[in-house]
Amino acid sequence: MRTKRLIIDSGAYSVWTKGKTINLDKYISFCKEFPDASYFVNLDTIPGSFKSKEPMKPKDIETACQASWNNYLVMIDSLPKGKVIPVMHQGEDKKWI
């Protein structure tokens, strides 16, 4: 018998492509509606804008990493820590692992 797994994802990338943002408190409230979910993906912050042709600046990447980490800390205060999955992106410093 296979165990069903439910992973809740914030949809941050899809929202980022539209130039919008996600409210962390609303995302956490949404996650709480699914207490039996196996995992909740951290609300990550993606630097820059989707349509920009400019290369990412290291400062912008670092700022986004810090914002993602801050979101993770808030989420593990509100949801079971072992269920919150941190997110890392290509090009980010390995110290964020």
Side-chain angles (χ1 to χ4, degrees):
M1 182 185 226
R2 292 172 54 167
T3 303
K4 292 184 180 182
R5 302 242 182 232
L6 175 63
I7 299 174
I8 306 294
D9 182 64
S10 68
Y13 178 78
S14 296
V15 171
W16 176 75
T17 64
K18 296 175 174 120
K20 299 189 183 221
T21 60
I22 296 171
N23 179 285
L24 179 60
D25 292 329
K26 288 181 181 179
Y27 177 51
I28 291 170
S29 292
F30 178 78
C31 290
K32 287 180 176 180
E33 293 178 27
F34 301 91
D36 294 332
S38 300
Y39 300 102
F40 307 104
V41 178
N42 180 48
L43 175 56
D44 52 318
T45 301
I46 304 169
S49 64
F50 180 67
K51 295 180 181 184
S52 176
K53 302 285 187 210
E54 297 295 317
M56 285 295 144
K57 296 176 184 164
K59 180 183 175 190
D60 294 335
I61 294 170
E62 191 69 10
T63 299
C65 289
Q66 185 64 59
S68 294
W69 178 251
N70 293 345
N71 288 346
Y72 174 77
L73 294 176
V74 171
M75 288 185 71
I76 63 172
D77 269 351
S78 302
L79 299 165
K81 181 180 180 178
K83 287 187 168 190
V84 180
I85 301 173
V87 178
M88 184 171 183
H89 303 105
Q90 178 179 344
E92 294 177 347
D93 192 300
K94 292 177 186 171
K95 73 179 182 183
W96 294 105
I97 292 180

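Counting begins at 1 with the first residue of the sequence.
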Between the side chain of [X] and the main-chain N/O of [Y], is any donor-acceptor distance below 3.5 Å?
{"X": "S68", "Y": "T45", "answer": "yes"}
{"X": "N42", "Y": "M75", "answer": "no"}
{"X": "D60", "Y": "P47", "answer": "no"}
{"X": "K57", "Y": "G48", "answer": "no"}

Atom pair [atom1]/[atom2] of [X] and [Y] - distance to nearest 0.5 Å:
{"X": "M88", "Y": "W69", "atom1": "CE", "atom2": "CH2", "answer": "12.0 Å"}
{"X": "E54", "Y": "M56", "atom1": "CD", "atom2": "CE", "answer": "9.5 Å"}
{"X": "D93", "Y": "E62", "atom1": "CG", "atom2": "CD", "answer": "6.5 Å"}
{"X": "Q90", "Y": "E92", "atom1": "CD", "atom2": "CD", "answer": "10.0 Å"}
{"X": "F34", "Y": "F40", "atom1": "CZ", "atom2": "CZ", "answer": "9.0 Å"}
{"X": "I28", "Y": "E33", "atom1": "CD1", "atom2": "CD", "answer": "13.0 Å"}

Under a 4.5 Å side-chain heavy-atom rule over Ile, Leu, Val, Met, Phe, Trp and Tyr, are [X] and [Y] clustered together?
{"X": "Y27", "Y": "W16", "answer": "no"}
{"X": "Y72", "Y": "I46", "answer": "no"}
{"X": "I61", "Y": "F50", "answer": "no"}

Less than 4.5 Å apart, side chain to side chain, heavy atoms only: is that true for [X] and [Y]?
{"X": "Y13", "Y": "D44", "answer": "no"}
{"X": "C65", "Y": "K95", "answer": "no"}
{"X": "D36", "Y": "L6", "answer": "no"}

Passing option when L43 is tested against T21, L24, N23 for side chain to side chain contact (heavy atoms under 4.5 Å, CB included):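 It is L24, the one option of T21, L24, N23 that forms the side chain to side chain contact (heavy atoms under 4.5 Å, CB included) with L43.
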Shortest non-hydrogen contact between K83 and A37, atoms and distance: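 Between these two residues, the closest heavy atoms are NZ-O, 2.7 Å.
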